[in-house]
Amino acid sequence: MKNYWKWIVLFLIVAALIVASVLLPVKDWIRSFINWVQQLGPLGVVVFIVAYALATVLFLPGWIFTVGAGLIYGIVGGTLVALTGAVIGATLAFIVARYFVRKNIEDYAKKNPRFQAIDEAIGKNGWKIIGLLRLSPLIPFNLSNYFYGITAVSLKAYIAISAVGMIPGTLLYAYLGAIGKAGIAGEKTQHSSAQYILLGVGLVATIAVTVLVSRIAKNALKKSGAA
């Protein structure tokens with residue numbers, strides 16, 4: 001019963017953060033923050049990276065930070081700053097899930113051979129899954145960071161593939177911010193062809209992940225003798 005309460009509390013915290021990010025004027029706060037960072041000079045880079053990392057952990061919308069980075073630091077600089085903040089934030093979320101939730105997964109796996117086989121198989125092939133999902137804008141970025149932490153994927157592989165997989169999306173939004181076409185001031189904007197391309201690539205990547213996970217699970221079950 002104790003473990004169930006832990007899951008319930010975790011669910012309520014995540015739900016509260018998501019609801020708060022939707023109902024509160026978070027985007028307006030982020031825009032004000034970006035305007036303030038512009039006035040800090042070199043120190044603003046450190047502040048921006050730390051804020052982006054914390055935003056990722058707290059389920060705040062990361063795309064507007066990336067757009068802001070492009071607006072302040074240009075395409076290349078903005079991409080590097082935003083990517084650094086995103087990777088740090090994603091790593092922190094992963095670590096939180098790994099050390100506060102993963103233990104329950106391992107306890108359950110020991111009692112269920114089928115689940116244990118699938119979990120181990122995902123651990124060995126997880127970099128492929130993460131790589132494909134990082135290309136997909138259809139997958140909630142902040143939530144997925146915690147999900148990866150409860151899998152058997154190694155931290156080193158997670159950080160490396162996450163950094164590489166986030167480059168296309170980060171570069172796109174930093175570019176849009178640099179050229180002033182991503183609505184950072186709040187105005188409505190039209191989607192660029194690059195965004196539609198990224199969305200298409202993300203859809204294909206999501207389908208590929210579904211097939212890959214199905215095969216991994218099937219092979220794991222055969223290996224365990226459960227299927």
Side-chain angles (χ1 to χ4, degrees), residues 21 27 30-31 34 37 45 48-94 122 125-149 151 153-184 188-213 216:
S21 68
K27 292 182 180 178
I30 296 175
R31 291 188 184 101
I34 290 172
V37 167
V45 174
F48 195 99
I49 290 174
V50 172
Y52 198 143
L54 292 177
T56 300
V57 173
L58 297 174
F59 294 90
L60 301 181
W63 68 267
I64 194 169
F65 276 95
T66 308
V67 169
L71 178 68
I72 299 173
Y73 306 111
I75 299 173
V76 177
T79 299
L80 292 175
V81 169
L83 186 62
T84 300
V87 170
I88 293 175
T91 301
L92 291 175
F94 180 95
I122 290 177
N125 298 273
W127 65 272
K128 298 177 184 178
I129 299 172
I130 296 172
L132 289 170
L133 289 179
R134 285 306 190 200
L135 293 173
S136 176
L138 305 177
I139 306 301
F141 171 70
N142 293 338
L143 187 60
S144 69
N145 296 324
Y146 287 93
F147 168 75
Y148 299 136
T151 67
V153 178
S154 71
L155 177 60
K156 185 183 296 185
Y158 168 77
I159 294 175
I161 197 63
S162 290
V164 174
M166 287 190 286
I167 290 175
T170 304
L171 180 61
L172 170 63
Y173 282 108
Y175 168 77
L176 293 175
I179 63 176
K181 291 186 177 181
I184 193 66
K188 294 182 178 180
T189 57
Q190 295 182 342
H191 291 287
S192 69
S193 58
Q195 285 175 296
Y196 285 116
I197 292 173
L198 183 64
L199 186 63
V201 171
L203 179 59
V204 172
T206 304
I207 294 173
V209 165
T210 302
V211 174
L212 178 60
V213 171
I216 289 174

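We number each residue from 1, following the sequence as shown.
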Asker: Please set out all donor-acceptor pairs under 3.5 angstrom arising from side-chain atoms of residues 164-172, sequence neighbours excluded.
Answerer:
residue	atom	partner	partner atom	Å
Thr170	OG1	Met166	O	2.7

Asker: Should the pair Tyr146 and Phe59 be assigned to parallel (<30°), tilted (30 to 60°) or perpendicular (>60°) ring geometry?
Answerer: parallel

Asker: Mind checking what makes side chain to side chain contact (heavy atoms under 4.5 Å, CB included) contact with Val45, not counting sequence neighbours?
Answerer: Ile49, Tyr73, Val81

Asker: Quick check: closest heavy atoms across Ala174 and Gly78, and the distance to 0.1 Å?
Answerer: CB-C, 4.1 Å

Asker: Side chains of Tyr175 and Ile75: closer than 4.5 Å at any heavy-atom pair?
Answerer: yes

Asker: Test of understanding: with side-chain hydrogen bond (donor to acceptor under 3.5 Å, both in side chains), list the residues that count as partners of Thr79, not counting sequence neighbours.
Answerer: none

Asker: Between the side chain of Ser154 and the main-chain N/O of Ala157, is any donor-acceptor distance below 3.5 Å?
Answerer: yes

Asker: First locate atom CZ of Phe65, then atom CG of Leu54, and finally report the distance between them rounded to the nearest 0.5 Å.
Answerer: 9.0 Å

Asker: Tell me which pairs pass side chain to side chain donor-acceptor pair (under 3.5 Å) where either residue lies in residues 48-62, with sequence neighbours left out.
Answerer: Tyr52-Thr66

Asker: Side-chain polar contacts of residues 83-94 - donor-acceptor pairs under 3.5 angstrom, sequence neighbours left out - could you list them?
Answerer:
residue	atom	partner	partner atom	Å
Thr84	OG1	Leu80	O	2.7
Thr91	OG1	Val87	O	2.7

Asker: Tell me, do Phe141 and Trp63 make a side-chain contact under 4.5 Å, heavy atoms counted?
Answerer: no

Asker: Go through it in stages, so that I can follow the logic: the residues are Val67 and Tyr173, the test is side-chain contact (heavy atoms from CB on, under 4.5 Å), and I'd like the CA-CA distance, side-chain angles, deciding distance and then a yes or no.
Answerer: CA-CA 5 Å; Val67 169; Tyr173 282 108; 3.9 Å; yes

Asker: Supply the atom-to-atom distance Asn145 CG to Ser162 OG, rounded to the nearest 0.5 angstrom.
Answerer: 7.0 Å

